[in-house]
Amino acid sequence: MRIDPEDIRICLEDHPARQPGPESMATPIVQTSLFAYPTFDEFVEAHTAESRNYVYTRGQNPTVEALEKKLAALEHGEMCKAFGSGIAAISAVIMGLLKSGDHILFVNHTYGPALKLAKTLERFGIEHTLLLDLEPEDVTRALQPNTKLVWLENPGTMMFRTFDVAAIADIARKHGAITSIDNSWASPLFQKPIDCGVDISIHSATKYIGGHSDVVAGALITNAILMDAIYQRAFMLHGGILHPFDAWLLLRGMRTLPVRMQQHHADGLRVAEWLRDRKEVAAVHHPAFCDRSKTLTGYSGVFSFEIANGGFNEVRKFIDGLKRFRIGISWGGVESLVATPTRADNVEYLDSQRFPHGLIRLSIGHEGADQLIEDIESSFDSM
Ligand SMILES: *Cc1c(COP(=O)(O)O)cnc(C)c1O
């Protein structure tokens, strides 16, 4: 695992504008809906470039901007916009950049609601395909003349498979398509997609960036040209904004992002390695065991495993036997969580996604790997 010392500095430093004299250690929460100007001319000048000035909090706000600057710096991108959720950032990319007749190619297992969004956009003439074969040749074959956006997730949802991000970004660029990656799993500390040639990096900041299960938020980082299109068409007009207080919660969370990620990396690996040796387990899907991406400098704490010969009943029994893991859908907080795509009646869906029927996803929190292993072992024993 490696975290850039410069990234640690960015995460810890929490003051946007240095002023002479004593200063607050934390960024102030500027809880206002608008900004008033001394003269009409100054107001008009600011209003004509609303993305760069404080005019109205639906456009820009100093607390939110402090967060955006930090995320842009960590991701090595030119600009960042924060959103009220990760799915708002995903929607802004798709609706800000595509039009009727365009096609999206999703590469790798993709966050479910992003696929659902693509499905609803069929009504507006936007097509999509999900590609689960991850060799560069597979991507070349799957590109269509109208593919305008290649959507990546590395590692992918639920199965945590990885692929060569730089090679696939290169193929997409030569095709004339924009690439966007969901970087929530790795956090900005363990993967720098823009350095690999990806155009847009998005986050569900609800997960590791916030880190405390107390805020829903999202962000996207990209260059000035794409940001302008997204800002004008989708950010200002769809209204999925992040509020100043939530931005402040994220700034606060980020001060511990480096230590949290180191702990998730270490404890996630320990639990995954322990699971690999158990007879109850058919396979463990952790990127460390098969990392083909060459871009991850560390691993977060979310991975999955398959219960041997398991289906819905075994999955349910295992989950209900856990005491320390909480049952819930999110991840990336300090508490460990368990989830599964398996339901009593969804075998067709699981097969269409190539998800094994006994699949269980764990998000390793900060209770300590020994406690968590003990919990899993006792649940196996009671099955
Ligand atoms: C949770 C999640 C999202 C969506 O983020 P929200 O903040 O819940 O809107 C997107 N991508 C991944 C990988 C996620 O886990």
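Counting convention: from 1, in listed order, for ligands and their atoms alike. In what follows, every heavy atom counts, from backbone to side chain, and hydrogens, waters and symmetry copies are set aside. Since this is a predicted model, take the numbers as computed values, not measurements. Along the sequence shown, the residues carry numbers beginning at 1.
A salt bridge is defined here as a Lys NZ or Arg NE, NH1 or NH2 lying under 4.0 Å from an Asp or Glu carboxylate O, and Asp214 with Arg252 fails to meet this definition. Using a cut-off of 4.0 Å between Lys/Arg side-chain N and Asp/Glu carboxylate O, Glu314 and Lys317 are scored as not salt-bridged. Between Arg270 and Asp267 there is no salt bridge, since none of the side-chain N atoms of the basic residue sits less than 4.0 Å from a carboxylate O of the acidic one. A salt bridge links Lys119 with Glu122: the distance from a Lys NZ or Arg NE/NH1/NH2 to an Asp or Glu carboxylate oxygen falls below 4.0 Å. Look at Arg324 and Asp375 and you find no salt bridge, because none of the NZ, NE, NH1 or NH2 atoms lies under 4.0 Å from a carboxylate O. Between Arg52 and Glu65 no salt bridge is recorded (no basic side-chain N to carboxylate O distance below 4.0 Å).
Distance alone, capped at 3.5 Å, is enough to place a donor-acceptor pair between the Arg58 side chain and the Met236 backbone. At distances below 3.5 Å, not a single donor-acceptor pair connects side-chain atoms of Asp199 with backbone N or O atoms of Thr222.
The nearest protein atom to atom 5 (O) of ligand 1, hydrogens excluded, is given as Ser204 OG, 2.9 Å; this is a heavy-atom distance. At the top of the distance list for atom 11 (N) of ligand 1, counting protein heavy atoms only, stands Asp182 OD2, 2.6 Å. Nearest protein heavy-atom contact of atom 14 (C) of ligand 1 is Lys207 NZ, 2.9 Å. Among all non-hydrogen protein atoms, the one lying nearest atom 6 (P) of ligand 1 is Gly86 N, 3.3 Å.
The shortest N or O to N or O distance between Val216 and ligand 1 is not below 3.5 Å. Considering backbone and side-chain atoms together, Ile90 places no N or O closer than 3.5 Å to any N or O of ligand 1. Considering backbone and side-chain N/O of Thr157, none are found under 3.5 Å from N/O of ligand 1.
Nearest-residue assignment for atom 3 (C) of ligand 1 (options Tyr111, Tyr208, Trp185; heavy-atom criterion): Tyr111.
Contact analysis puts Ala217 in contact with ligand 1, with a non-hydrogen atom separation below 4.0 angstrom. Heavy-atom distances between Glu153 and ligand 1 reach below 4.0 Å in at least one pair. The closest approach between any non-hydrogen atom of Trp331 and ligand 1 is below 4.0 Å.
Listed by number with element, the atoms of ligand 1 under 4.0 Å from a non-hydrogen atom of Ile87 are 4 (C), 5 (O), 6 (P), 9 (O).
When heavy-atom distances to ligand 1 are checked against a 4.0 Å cut-off, Thr206 comes that close only through its side chain, counted from C-beta outward.
With no hydrogens or angles considered, no side-chain donor-acceptor pair links Gln31 and His243 at under 3.5 Å.
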